[in-house]
Number of protein chains: 2
Amino acid sequence: MKRAITSDAAAHERVIAIGALAARTGVKVETIRYYEQVGLLPAPERSEGNQRRYGRRHLERLAFIRHARDLGFPVETLRGLLALADRPDMPCDEAHRIAARQLADVRRKIAHLRALEAELDRIAQSCLGGAPVRDCAVIEALAKEQRADSVPLGKRDAGSAC
Amino acid sequence: MKRAITSDAAAHERVIAIGALAARTGVKVETIRYYEQVGLLPAPERSEGNQRRYGRRHLERLAFIRHARDLGFPVETLRGLLALADRPDMPCDEAHRIAARQLADVRRKIAHLRALEAELDRIAQSCLGGAPVRDCAVIEALAKEQRADSVPLGKRDAGSAC
DNA sequence: CTTGAACCTCTAGTCACTAGAGGTCGTATC
DNA sequence: GATACGACCTCTAGTGACTAGAGGTTCAAG
Ligand SMILES: [Zn+2]
Ligand SMILES: [Zn+2]
Ligand SMILES: [Zn+2]
Ligand SMILES: [Zn+2]
């Protein structure tokens, strides 16, 4: 019995393993499996030994997912976008609405971060260092209550990763 | 036997329950308990019936925490900041370094979001809507691969909450 | 045929909370 | 003093979007 897929056939039919798909899209192997698990990427065929074998369609869909995620679309939203992309005859207005919402979201975030930037800058300027902590305006500024741009705790994200 | 704490005594000695502390600081009750659990806020005394009783020190410390969190300092960093605030004789340079790092972080985030904003704006402009999905430039733009500002997956945050 | 990288599944951990179940406490009113 | 009822307690699990690891199997080259 011949193996279902040889490397030669793979090259011809563009059937690739998960590692190759990862390399081509820049999405980690674990993340690809995760996308399959949550239903973003359809489950591919398997080799006789139960390994995933991807085709061109998967590559394209994963590139789509990656790009949309890079742009900050949340996975839930992506689901709608993907469903839409699968129906070429539908009008595209919904896609525009989704993109506009995302843009508005990004702008809100920018506005918020700019407020933080201003306050942090002010705080950082308020003491030049070298003082004992008890006299430091930075520490004092943090200790002071504020009522300005406070946002309900838990829905914020400003200081973690980029 | 008299109760350890009456409401009258509470008013005089400024000993308050967790709900009152939450109301005064704008931090939710659950979050306060969480801060205690992770060691940000020291465990307060308890009433005879095992309920938390907070004093002025807790109020101040929680306000500090809240403000720093609002400014996006991650909890880990906050730990350092609080340790510092507890040592009034130390020089404050470390506090400045922490604040500067946070400011730089916020600025990096802003830069990143501005790049996203530009691309999203370009995409949103590229099709005015009303077309079938197959011809929509928005969908097409998302499907196209990109090599520009891509960031390792999982360390990004652009589209979720504010 | 043997090696070893790549693959598989499953579970748990991340961050900073948030929500809920199921039970106890405190106090105001009767 | 009994009763009501909100506030409080602990503990566990869930969120988003992955990431990391254990422990085992498969593939393809030499
Ligand atoms: Zn200083
Ligand atoms: Zn502030
Ligand atoms: Zn369109
Ligand atoms: Zn792009």
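Worth knowing before you read on, the calculation uses all heavy atoms, side chains too, and leaves out hydrogens, waters and symmetry mates. Within every chain, numbering begins at 1; the chains are lettered A, B, ... in the order of the sequence lines, protein sequences first and strands thereafter.
The existence of a salt bridge linking B:Arg97 and B:Glu94 is confirmed by a sub-4.0 Å separation between a basic side-chain nitrogen and an acidic carboxylate oxygen.
Between A:Arg107 and B:Leu113, every side-chain heavy-atom pair lies at or beyond the 4.5 Å cut-off.
The CZ atom of B:Arg66 sits 13 Å away from the C1' atom of C:dC17 (whole-angstrom rounding). Rounded to a whole Å, the CD atom of A:Gln51 is 5 Å from the C1' atom of D:dT26. In this structure, CD of A:Gln37 is placed 9 Å from P of C:dC10, rounded to the nearest angstrom. Here the P atom of nucleotide D:dA17 and the CG atom of A:Leu41 are 16 Å apart, to the nearest Å. Rounded to an integer number of Å, the gap from B:Lys28 NZ to C:dC17 C1' is 9 Å. Atom pair B:Asp70:CG and C:dA16:P shows a separation of 14 Å (rounding to whole Å applied).
The nucleotide whose nearest atom lies closest to any side-chain atom of A:Thr31 is, among D:dC9, C:dC8, D:dT19, D:dT19. Considering only the side chain of A:Glu30, D:dA20 comes nearest among C:dA16, D:dA20, C:dG26. Comparing D:dC27, D:dC9, C:dG26 against the side chain of A:Ser47 picks out D:dC27 as the nearest. Considering only the side chain of B:Asn50, D:dC9 comes nearest among C:dC17, C:dG26, D:dC9.
Pairing each heavy atom of B:Leu120 with each of A:Leu71, the nearest pair is CD1-O, 4.1 Å.
Using a 4.0 Å heavy-atom cutoff across all strands shown, A:Arg33 reaches at least one base atom of the nucleic acid.
Remark: of the listed residues B:Lys109, B:Gln102, B:Arg108, B:Arg108 is the sole one forming a side chain to side chain donor-acceptor pair (under 3.5 Å) with B:Asp105.
Proximity of A:Arg52 to the phosphate of C:dT9: a side-chain N or O atom is located under 4.0 Å from OP1 or OP2. When the side-chain nitrogen and oxygen atoms of B:Tyr35 are compared with OP1 and OP2 of C:dC17, one or more of them lie within a distance under 4.0 Å. When the side-chain nitrogen and oxygen atoms of A:Arg69 are compared with OP1 and OP2 of D:dC18, one or more of them lie within a distance under 4.0 Å.
Position along DNA chain C of the nearest nucleotide to A:Ile18 versus B:Tyr34 favours A:Ile18 as the more 5'-ward residue.
B:Thr31 contributes no side-chain N or O that, together with a main-chain N or O of B:Val27, makes up a donor-acceptor pair within less than 3.5 Å.
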